[in-house]
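Numbers restart at 1 for each chain; the letters A, B, ... are given by sequence-line order, proteins then strands.
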Amino acid sequence: MIEPHYRAQDIETRWQQRWNESGAFVAENQGDSPYYVLEMFPYPSGKIHMGHVRNYSIGDAVARFLRRRGHQILHPIGWDAFGMPAENAAIKNNSHPGTWTYANIKDMRSQFKRLGLSYDWDRELATCHPGYFRWEQKIFLEMLDKGIAFRSQQRVNWCVECATVLANEQVNDGACWRCDEVVEQRDLEAWSIRITDYAQDLLDDLDSLSDWPDAVRAMQRNWIGRSVGARIALPVSGADDLDPIEVFTTRPDTFMGCTFMSLAPEHPMVMELAARGGVSQEVGEFVAEMGRADRSARGDGAEKRGVFTGMYADHPLLGRKIPIYVANFVLMDYGTGAVMAVPAHDQRDFEFAQKYGLDIAPVIQPHGEDQALDAATMEAARPEAGVLINSGPFDGLDNEEAKRVLAAKLSEIGCGGATINFRLRDWGVSRQRYWGAPIPIIYCDSCGVSPVPDADLPVTLPEDAEMTGEGSPLANHPTWKHVPCPSCGTPAVRETDTFDTFWQSSWYFLRYCSPRFEEGPFDPEAVARWMPVDHYIGGIEHACMHLLYARFFMKALADLGYEVPREPFKRLTTQGMVIKDGAKMSKSKGNVVDPTSIIERYGADTARLFILFAAPPEKELEWNDNGVEGAYRFLRRVHRLGEAAAALGEEALPTDLSEADQVLRRSTHKMLRKVTHDLENGFHFNTAIAAIMEHLNAVTAAGVGGESKVHAGVARESMEMVAHALFPFAPHLADELHEMLGASQDLMRTPWPEHDEAACEESSVTIVVQVMGKLRGKIEVAPDADKETILSAAKAEPSVARHLEGKTLIKEIVVPGRLVNFVAR
RNA sequence: GCUGGAGUGGCGGAAUUGGUAGACGCACCGGAUUCAAAAUCCGGCGUUGGAGACAACGUGUGGGUUCGAGUCCCACCUCCAGUACCA
């Protein structure tokens, strides 16, 4: 490639050095109103991919634009450095996860720097550093003290062969990914977080997040899944030694029509009931089968299947026994894992009842239906509203009223009552892995569970743990876990589980505010100044988990007495994936494009410009090599025209503008107006860049770079504004161009320019003329032309007149400055 | 299965939120420049019919509302993301 003028590598290296030397990105250096721009920090996998380039180019454009709009910007970066891939790499290479992680951070840091991203590198952090995780160990202990953290049973995938817990993604078709042995479900003692206590808060505060995408708010709302209903405890008939079976229902009004019960196969009482019912084998087989079945076999759409446990429950209001079944469609992780079945009014129960010949008892007569419901003739369940029938003392009640009345009755007789259920589950944070932050707990035979004393924090990882893939490396370590009990001093053992990595990513944005603070997780003053994050940018895939955990953390921290806002992220942008040939880039598909090779070949400005131009941030982005070439050509043209404009000399704008001068100035200022508008109202980078390209075509048409038809001052202004407008997207070339045209100060420190509205004014507007909604002609009129003028000009248009000939005009619609429509018959 | 999205030329996308469908870029075609090529510049480019003027059709599918629908409503189809131990 022969390119005498635009040498991207040289330009980019030079400007990166200058920015670095002048501290252009240090948060404290300029502006007043603080603004915190944050992109979701990366997992240091080793190499940057196009998703990174996209995420960080978007954030950088936001940061650079707003800094020039007068904000004091905090724009930090760090590493979400704990996690399974490091441990897997260590097993494979027989090395330490930290070695791999830190080497990756080093590589990725230099790649990020090569992109020219405007980070305040002094604030860099890595979550695997004890200086970081000691604070989240402390926060955990404070949560434990407050009862937010607690011990519970967690159901996990367990591989017997490897003696280890498997992540869902490590299970392929029910088999372990390493040894192919069948995976079983096992309950482990684990640490959990009562995020469910915050479910209502998390739901309520969603309403305040007006700068979040509606899609994310809807997903969180459904994930939290609030429903109002009743809890009902049904005693097992003739088994006084067993606890009653609890169900949750949103329809207590239908309780008088409950003819059987269904339990999830995973329900803890299933095998006990089956044993007493004498059907252990059949039930056991069914439970085992369901344990292996995938989700679709358990959903609403799947065929209803089940097995009778041989046992009955006592219906407390009917005084009758109802059979207890195990059913495929009942899910253990929603409600209580058991449902009361009302086949007349619930479709799933109806199908189940039909299949197994169970009673169907209608108890609600739908509004507006004269014929009384009859179980014998019903073809489907009738879930709609109505009036209670066949319900003894409750007959005649409206069903909404009956929900309250029945809940009160259940409460009165001591077997339930009104309640609110959330789909959200408590957050299990224990992981049986090495490369994570240790959970700071000590177990003593005599004193029980003790927190690690504050003076002993952080609890760090042993360097010499063995990574074999079998068992837990910390539990297997010969000495690490053995410590004296902090209370009695007798031999005790450490907790050998580490935190879920979401634990780290739930508060890192607070640490950035004062990353080296030694007296606590963050300096309250720094947090008061920067938090909440004004604009958070990252993938949509985090909609429910990371974004919810981070929101929860803020609320919990506030309850622990920390001064933090109740919500962490004021505005959220979720960026779409980068795909190629219609599929997500992945090694297995062989469609990966390495950003490094693009940067080496064309420069960082080209890579950034293309990725921002090719699609709006929220949408999927289809990678296209030819498009990159096009972005590069555009920047090269900018460089060439900049040189040409600079060569015309440093002339000011003339007082008298020629026609050509006015045309070019109109293009210049309309471009600037459009770019400013697109960045201020929702960051439409793609259309902003298109406007710059369009303007550059006007610069070429004005003869700049050849035989110029415009005044030197107008030509120079046209390219100066390109430098300004290009800065958020292609900052290196923008600064180069700006300097080329005589500027002595870099653009980061130069305020964003205002456009000249008067220069944008048009001498006429085009109005479209339709007849019966079909385009028949166009007219040019003065921008302030009145309705009569427009109508007569429209009727005079030959093709319009032809289509109106011989017809009666019924209606004339005039949209000023835009369109005329004649309705004629 | 459930929850949330998306679908517009050969391709990526645009359309001031109900008012010219296809801005801008890519690809392609033609021309200028050149000994030639590259690069650059100029022009064309939804589909069908027509020499042309022009006409009809056209935003995943099928209906509907409206003077007017990519945009609003109803019913579907396909693809994508998440689904709680990947981060």
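- Here A/Y132 and A/W507 bring their ring centres to under 6.0 angstrom of each other.
- Smallest separation of non-hydrogen atoms from A/C760 and A/K670: SG-N, 3.7 Å.
- Using a 4.0 Å heavy-atom criterion, one finds that A/F613 contacts the bases of the nucleic acid, with or without backbone contacts as well.
- With a 3.5 Å ceiling on both atom-pair distances, B/C86 lacks any Watson-Crick or G-U wobble partner.
- Whole-Å rounding puts the A/K304 NZ to B/G1 P distance at 12 Å.
- Checking A/F610 against A/M219, the closest nucleotide of RNA chain B that is more toward the 5' end is the one next to A/M219.
- The ring-ring contact (aromatic ring centres under 6.0 Å, His included) test with A/Y549 singles out one residue from A/W427, A/Y508, A/W223, and that residue is A/W427.
- Remark: B/U65 base-pairs with no nucleotide; criterion is Watson-Crick or G-U wobble with both hydrogen-bond distances under 3.5 Å.
- In this structure, A/R431 fails the cation-pi test against A/F499, since its NZ or CZ atom is not both closer than 6.0 Å to the six-membered ring centre and inside 45 degrees of the ring normal.
- The base of B/C26 is not paired with the side chain of A/N626 by any donor and acceptor separated by under 3.5 Å.
- Aromatic ring centres of A/W503 and A/F82: separated by at least 6.0 Å.
- Base pairing of B/G4: its partner is B/C80, meeting the Watson-Crick or G-U wobble criterion (both donor-acceptor distances under 3.5 Å).
- As judged by a 4.0 angstrom heavy-atom cut-off over every strand, A/D80 is placed among residues touching the sugar-phosphate backbone only.
- Under the Watson-Crick or G-U wobble criterion, with both distances below 3.5 Å, B/A56 is paired with B/U47.
- For A/R423 and B/G82, the CZ to C1' distance is 10 Å, given to the nearest whole Å.
- Using N1 to N3 plus N6-O4 or O6-N4 for Watson-Crick, or N1-O2 and O6-N3 for G-U wobble, each under 3.5 Å, B/C41 pairs with B/G31.
- Side-chain atoms of A/Q170 and base atoms of B/C85 include no donor and acceptor less than 3.5 Å apart.
- Remark: A/R431 is in phosphate contact with B/C85, judged by side-chain N or O atoms under 4.0 Å from OP1 or OP2.
- OP1 or OP2 of B/A55 sits under 4.0 Å from a side-chain N or O of A/R776.
- Pairing partner, B/G70: none, since no Watson-Crick or wobble contact has both distances short of 3.5 Å.
- As the counterpart of B/C24, B/G12 is assigned, both hydrogen-bonding distances of the Watson-Crick or G-U wobble pattern falling under 3.5 Å.
- With both ends at atom P, the span from B/G52 to B/C42 equals 27 Å, rounded to whole Å.
- The nearest heavy atom of RNA chain B to A/G428 and to A/L775 marks one nucleotide each, and the one closer to the 5' end goes with A/L775.
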